[in-house]
Amino acid sequence: MADKVKVGFLLLGGCAGCEMSVVDLSEKLVDALAHLEVVFWAPTAADVKYNDLEAMEDGFIDVAFVDGMVRLDEHIHMAKVMRKKAKTLIAFGVCAALGGTAGMSSLHSKEDLFAKAFKNTPTTDNPDGVYPQPSCLVDGKYDLTLPVYEDKVRTLNQIVDVDYYIGGCPPHHSHVGAAIGALLSGQMPPKGSWITNGKAVCDVCDRNPAKKGDNLSRAMVTKVLRTVDGTPDTDICLLQQGYICFGPITQGDCGGSCLNVNIPCRGCGGPIPGIEDYGAQALSSIASILKDDTVSAQLMEKYPNLAKFFYRYALPSGTLPKRM
Amino acid sequence: MEFVPNIIGFACQWCTYAGADLAGNLRCKYPPTVKLIKVPCSGRVKPEYVMEALANGADGVLVGGCHFGDCHYKDGNHKTKNRMDMLKVMLGDLGFDPRRFRREWISGAEGKKFAEVITDFTAELIELGPNPLKGGK
Ligand code: SF4
Ligand code: SF4
Ligand code: SF4
């Protein structure tokens, strides 16, 4: 048998949910391990340290899965190290690909974020406002350091070259399985592409009016509801009921997970091909199907921050936000 | 050196672009601050175009379309209104000064209005100063 494919996992600024999706493959993962050898998995699953990665030969890892966004100097450093050690590097999950939900924090100053996290939450008792510092001397002799907090969230491809992208927060485990299958069989799309089934969420959604031959399918949206406003009908397209859904512009590798539990798509799958700027396109697509300006006024009243609404998972990748 | 704003204008070929032409024919005076891009319809202007222009250092962006009822494609400008008005709000939510973006209805007969809009926008941009992202990428 040919040599096993050497894979590595590296978590940057994320929640490790993407890695849970790998674990969720369960028996399939066990089968795949006949062809894969995990040579690095930190800082979560394996008992390895960052300097073990640094010590590897360049190009030693065949495929690296990097999840999480980039906010600390440590993330920047480790992303660069992983890029050198890996022949193929995958931005794994929407945080790495587009910045993820944490990307919205770029709209707030570091001072505000630190005050919220380390001082003002109801369960925090920190009257002196002591914040984590990049370095501190303990007992006059231990020089301890913490990673430096950068000014904003960045996507992985703003730091290093990325070969492939996988969407999702986290990616659905079936999607991860399909991606690993594609890797092992060598059936990969051109470099720089998203690994996807190529369908929009609407394509995989059972509510899609076009699938029902419904002539309302081109009807304009006449009112805007938030998910807390009543309970949506479980059979009818959410957009047509007034619940703003990003299914039309989002990759549907999740199988429409949110629609299956009666909540609208918020775009974690990443943009369908051809869309450069997720938030700008979301605004454009949604604005175009609102019947008139009273409906758009209603949307703006219900969603008081449009940047956070349309760029929920993608702010750091936006044309304008990434330059700000 | 005195700051001369750089405005990128997207103008519908049926109305605002013709309005700009008329401003010229009427010899209206207005500052030479706008670089006009002719588009088939203001509904053709994607929010990305506006954001790209601002991201690359334009001091202001103008989208000009036909008055309601006059759209050559019936409802292109209704889409423009919804999109561009929401975009203006989103620019503010992103922390970018929304006054750097304007959406105006200017017909082919309103050469004078075109000149007034550019004069007024230029004055406002001079007050705001250069785009903080000047220099682009
Ligand atoms: S994409 Fe979602 S699941 Fe993955 S690290 Fe980011 S927040 Fe967690
Ligand atoms: S807009 Fe949402 S609810 Fe409607 S078909 Fe698409 S994914 Fe389904
Ligand atoms: S429906 Fe949309 S938000 Fe929900 S999991 Fe799928 S892509 Fe993500």
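Numbered from 1 within each chain, the chains take letters A, B, ... in sequence-line order. For the numbers below, each heavy atom of this structure counts, side chains included, while hydrogens, waters and symmetry mates do not.
Around the NZ atom of K302(A), the shell of radius 6.0 Å holds more than 12 heavy atoms that belong to other residues, nucleotides or ligands. By the neighbour-count criterion of 12 heavy atoms within 6.0 Å, atom CG of D161(A) is sparsely surrounded, having that number or fewer from other residues, nucleotides or ligands. Taking a 6.0 Å sphere around CZ of R83(A), one finds it holds more than 12 heavy atoms contributed by other residues, nucleotides or ligands. Atom CD of E276(A) sits in a sparse spot, with 12 or fewer heavy atoms from other residues, nucleotides or ligands closer than 6.0 Å.
Heavy-atom distances place the side chain of L299(A), and not its backbone, under 4.5 Å from chain B. Heavy atoms of F310(A) lying under 4.5 Å from chain B belong exclusively to its side chain. Residue M300(A) touches chain B through its side chain alone, counting heavy-atom pairs closer than 4.5 Å.
Closest heavy-atom contact between P47(B) and L283(A): CG-CD2, 3.8 Å.
Atoms NZ and OG, on K46(B) and S285(A) in that order, are 9.0 Å from each other to the nearest 0.5 Å. One finds the CG atom of D93(B) at 9.0 Å from the NZ atom of K308(A) (value rounded to the nearest 0.5 Å).
Across M90(B), E52(B), M51(B), a single residue satisfies side chain to side chain contact (heavy atoms under 4.5 Å, CB included) together with L320(A), and that is M51(B). Here the rule is side chain to side chain donor-acceptor pair (under 3.5 Å) with S284(A), and of E48(B), R83(B), K79(B) only R83(B) fits it.
In this structure, the side chains of R323(A) and N56(B) come closer than 4.5 Å at one or more pairs of heavy atoms. A 4.5 Å side-chain heavy-atom check between M86(B) and L290(A) finds at least one atom pair inside the cut-off.
Not a single donor-acceptor pair under 3.5 Å links the side chain of D293(A) to the backbone N or O of N82(B).
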